[in-house]
Protein chains: 2
Amino acid sequence: MSQPLHLDISEQLRQRITAGDYLPGAKLPSERQLIAEFQVSRITVRRAIANLVDQGLAIAHQGKGVFVTERRKAVYTLTSPGLFVAEDLQNQGIALTVKTLIFEQVTPPQSVQQLLQLPSAEPTAYLQKKILLMEQVPGCMDITYVLPEIGELLASALQHQMTFPVLERHNIPIERVEAMIECQNADPELSQQLQVPLGHSLLTYHHTAYTTGDRPVLHGASISRGDRFCYAVSLNHAR
Amino acid sequence: MSQPLHLDISEQLRQRITAGDYLPGAKLPSERQLIAEFQVSRITVRRAIANLVDQGLAIAHQGKGVFVTERRKAVYTLTSPGLFVAEDLQNQGIALTVKTLIFEQVTPPQSVQQLLQLPSAEPTAYLQKKILLMEQVPGCMDITYVLPEIGELLASALQHQMTFPVLERHNIPIERVEAMIECQNADPELSQQLQVPLGHSLLTYHHTAYTTGDRPVLHGASISRGDRFCYAVSLNHAR
DNA sequence: CAGCCTCACTTGTTATAACAAGTTAAATTC
DNA sequence: GAATTTAACTTGTTATAACAAGTGAGGCTG
């Protein structure tokens, strides 16, 4: 055997998916059917399916079956820092709800203290942890640290609305955002909150926002499902 | 049982990793040892380890063992389109080699034809597929379509050097880049080329570069290992 | 007819077993 | 002593088996 059986089978199934034999949303044959078709043991069929799931081509639902994944992604456009994630998605016709999990005053980790230039005497900030529901489905978890004076002032507003619009409305303009985008994998907590399998690919947008005078206002991370979202940015030479 | 055994075990191991009991690069206990410690079957231990691998915390080497992953990432800084990936990485002290897999004239897919505004009479372009080796290790696969006249002119230079510096040296300034960053998972080809397991998280940077007069010059995708790379960008309000 | 139950299906978990294949170091051979 | 072989480890593949748990349809009961 030059190649493992499970790979051989998952490649055949992959070909059928990319060829359109199984359309997005459609149910793949059950384990029992695949066992009969390929004449292998259940463990091999399950491994073949796991290969497809790992590649993001299929998703399994206990009791129901394995289904071909939908491949549409919503775009976060990173233009000027003013109009943000929320509006941009709503422009794409995606209903968006904010569910705050945590909103409290904490002592952030060293790295955040530094980025927000908190006074070392009393290095506190407001921590907001929220889930963004797109079309009633959790798509993004946002963890943001806000300067204490701003968190206190805008507590009620921040808990029900998107962050940046609230700030702009209260005369805290965002002049600059330093961002970093990376890939991570769902740990058990994120797996549960975003309702994805353990290890699922996630796209993380780390950002530090500065207001006039280059003073930092907030620092946070938006962790989105990697199979549902992407980021667009335009880079101009003339700056 | 409220929670599967394999999850229970992988969580205990995860805690040891995050607590620093097992440092990056260190070898985890062998399957045999874990079977003895947790008093479960091999299949359960293997599933627990698979959970860690899926979360990007460990990597398995047949015959050698399972090792805690290193967590350092190289940063691609997206500033002005001029200085690019290559220089940026070299500034970070990372040795970079280009290995061209394919360089030929082709008829690109419809979507690329449109982006490059190719004449529908003869919609050809040069396709370059290359592997970028960082410290002799494959880290990124780049697939780029270049306008035919440029591909022809700069064939030899493009095959051994980075794309953007070559263009700049030949008086083809890049004025604007439209980019999109997304997450994808390694299919068998990428898995083989980048030497990562099937389904491994990858970070893809799609880009279309325009020269003076807003004329498109090239369109491509840079597919990097998600566990090794990230993108940084600075967004200014004043544009 | 509404509600409940049962049954047949699905995927998920776990155990035992055997062999394959990559790695390393000790033992053997030349 | 150097090269080769062997043995003991490691993880990878595959089979068989049994039970758990989620789903949905059909039938039974009130």
Side-chain angles (χ1 to χ4, degrees), chain A residues 1-13 17 22 25-69 186 188 191-192 195-200, chain B residues 1-13 17 22 25-69 186 188 191-192 195-200:
Chain A
M1 149 221 347
S2 70
Q3 181 179 234
L5 270 175
H6 61 78
L7 232 178
D8 196 73
I9 293 170
S10 63
E11 274 301 270
Q12 287 190 48
L13 294 174
I17 291 173
Y22 306 135
K27 185 178 168 299
L28 292 184
S30 70
E31 292 178 2
R32 195 204 287 224
Q33 290 169 303
L34 293 173
I35 288 168
E37 178 180 351
F38 293 102
Q39 292 287 299
V40 294
S41 74
R42 193 180 167 207
I43 210 173
T44 304
V45 158
R46 281 182 65 75
R47 176 67 184 273
I49 290 171
N51 288 344
L52 298 178
V53 173
D54 285 347
Q55 288 173 77
L57 295 170
I59 179 162
H61 287 294
Q62 185 172 359
K64 296 168 87 169
V66 179
F67 301 85
V68 180
T69 47
S191 161
Q192 198 244 316
Q195 292 174 28
V196 294
L198 193 63
H200 190 90
Chain B
M1 155 219 345
S2 70
Q3 183 180 234
L5 269 175
H6 61 77
L7 232 179
D8 196 72
I9 293 170
S10 63
E11 273 302 270
Q12 288 188 49
L13 293 175
I17 292 172
Y22 305 136
K27 185 176 168 300
L28 291 184
S30 71
E31 293 178 0
R32 191 204 289 225
Q33 291 170 303
L34 293 173
I35 288 168
E37 178 180 352
F38 293 104
Q39 290 288 300
V40 294
S41 74
R42 192 180 166 206
I43 210 174
T44 304
V45 157
R46 281 182 65 75
R47 176 67 186 272
I49 290 171
N51 288 344
L52 298 178
V53 172
D54 285 347
Q55 289 172 77
L57 296 170
I59 180 161
H61 288 294
Q62 185 172 358
K64 294 169 86 169
V66 178
F67 300 85
V68 179
T69 47
S191 160
Q192 198 243 315
Q195 292 173 28
V196 293
L198 194 62
H200 189 91

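From a predicted model like this one, the values you see are computed outputs, not experimental measurements. The sequence lines fix the lettering, A, B, ..., with proteins before strands; numbering per chain opens at 1. Hydrogens, waters and symmetry mates play no part in the numbers below; they use all other heavy atoms, side chains included.
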Undergrad: Determine whether a donor-acceptor pair (N or O, by modelled atom type, separation under 3.5 Å) exists between the side chain of Gln55(A) and the backbone of Asn51(A).
TA: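 Such a contact is found between Gln55(A) side chain and Asn51(A) backbone.
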Undergrad: Just the rounded figure in Å: distance from P of dA18(D) to CD1 of Ile43(B).
TA: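 Going from Ile43(B) (CD1) to dA18(D) (P), I get 15 Å.
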Undergrad: So if I take every side-chain heavy atom of Lys64(B) and compare against dT14(D), dT23(D), dT24(C), which nucleotide ends up nearest?
TA: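 Per side-chain heavy atoms of Lys64(B), the pick is dT24(C).
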Undergrad: Could you walk me through whether Leu34(A) and Ile9(A) pass the side-chain contact (heavy atoms from CB on, under 4.5 Å) test, one step at a time?
TA: CA-CA 9 Å; Leu34(A) 293 173; Ile9(A) 293 170; 5.8 Å; no
Undergrad: What's the CZ-C1' distance between Arg32(A) and dA18(D), to the nearest Å?
TA: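 Interatomic distance, CZ of Arg32(A) to C1' of dA18(D): 15 Å.
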Undergrad: Using whole Å, report how far CZ of Arg42(B) lies from P of dC9(D).
TA: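 Atom CZ in Arg42(B) sits about 15 Å away from atom P in dC9(D).
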Undergrad: When you match Gly63(A) and Leu7(A) each to their closest nucleotide on DNA chain D, which lands nearer the 5' end?
TA: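 With Gly63(A) and Leu7(A) compared, the 5'-side residue is Leu7(A).
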Undergrad: If only side-chain N and O atoms of Ser30(B) are considered, is one of them under 4.0 Å from the OP1 or OP2 phosphate oxygen of dT10(D)?
TA: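 Answer is yes, contact under 4.0 Å.
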Undergrad: For dG22(C), take OP1 and OP2 only and decide whether either is under 4.0 Å from a side-chain N or O of His61(B).
TA: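 Answer no for this pair, as no side-chain N or O of His61(B) is under 4.0 Å from OP1 or OP2.
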Undergrad: Would you kindly give the CD-to-C1' distance between Glu31(A) and dC9(C), to the nearest whole Å?
TA: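 For the pair Glu31(A) CD and dC9(C) C1', the rounded distance is 12 Å.
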Undergrad: Output the rounded distance in Å from CD (Gln62(B)) to P (dC9(D)).
TA: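 Computing the Gln62(B):CD to dC9(D):P distance gives 18 Å.
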Undergrad: Figure out the CG/P separation between Leu28(B) and dT10(D), and round it to whole Å.
TA: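 To the nearest whole Å, that distance equals 13 Å.
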Undergrad: Please lay out, stage by stage, how Leu198(A) and Asp54(B) fare under the test side-chain contact (heavy atoms from CB on, under 4.5 Å).
TA: CA-CA 7 Å; Leu198(A) 193 63; Asp54(B) 285 347; 5.7 Å; no
Undergrad: Is any side-chain N or O of Arg46(B) closer than 4.0 Å to OP1 or OP2 of dG12(D)?
TA: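 For dG12(D), OP1 or OP2 has a side-chain N or O of Arg46(B) closer than 4.0 Å.
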Undergrad: Can you tell me the distance, in whole Å, between the CG atom of Leu198(A) and the P atom of dT13(C)?
TA: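 So the two atoms are 11 Å apart, to the nearest Å.
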Undergrad: Tell me whether Ser10(B) contacts the main-chain N or O of Ile49(B) through its side chain, where contact means a donor paired with an acceptor under 3.5 Å.
TA: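 No, because the side chain of Ser10(B) does not come within donor-acceptor range (under 3.5 Å) of the backbone of Ile49(B).
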Undergrad: Return the value, rounded to whole Å, for the distance between atom CZ of Arg47(A) and atom P of dA15(D).
TA: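 Going from CZ in Arg47(A) over to P in dA15(D) covers 13 Å.
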Undergrad: Are Thr44(B) and dA15(C) close enough that a side-chain N or O sits under 4.0 Å from OP1 or OP2?
TA: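 Answer yes for this pair, as a side-chain N or O of Thr44(B) is under 4.0 Å from OP1 or OP2.
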Undergrad: Side chains of Asp8(B) and Gln12(B): is there a donor and an acceptor less than 3.5 Å apart?
TA: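 Per modelled atom types, Asp8(B) and Gln12(B) side chains form a pair under 3.5 Å.
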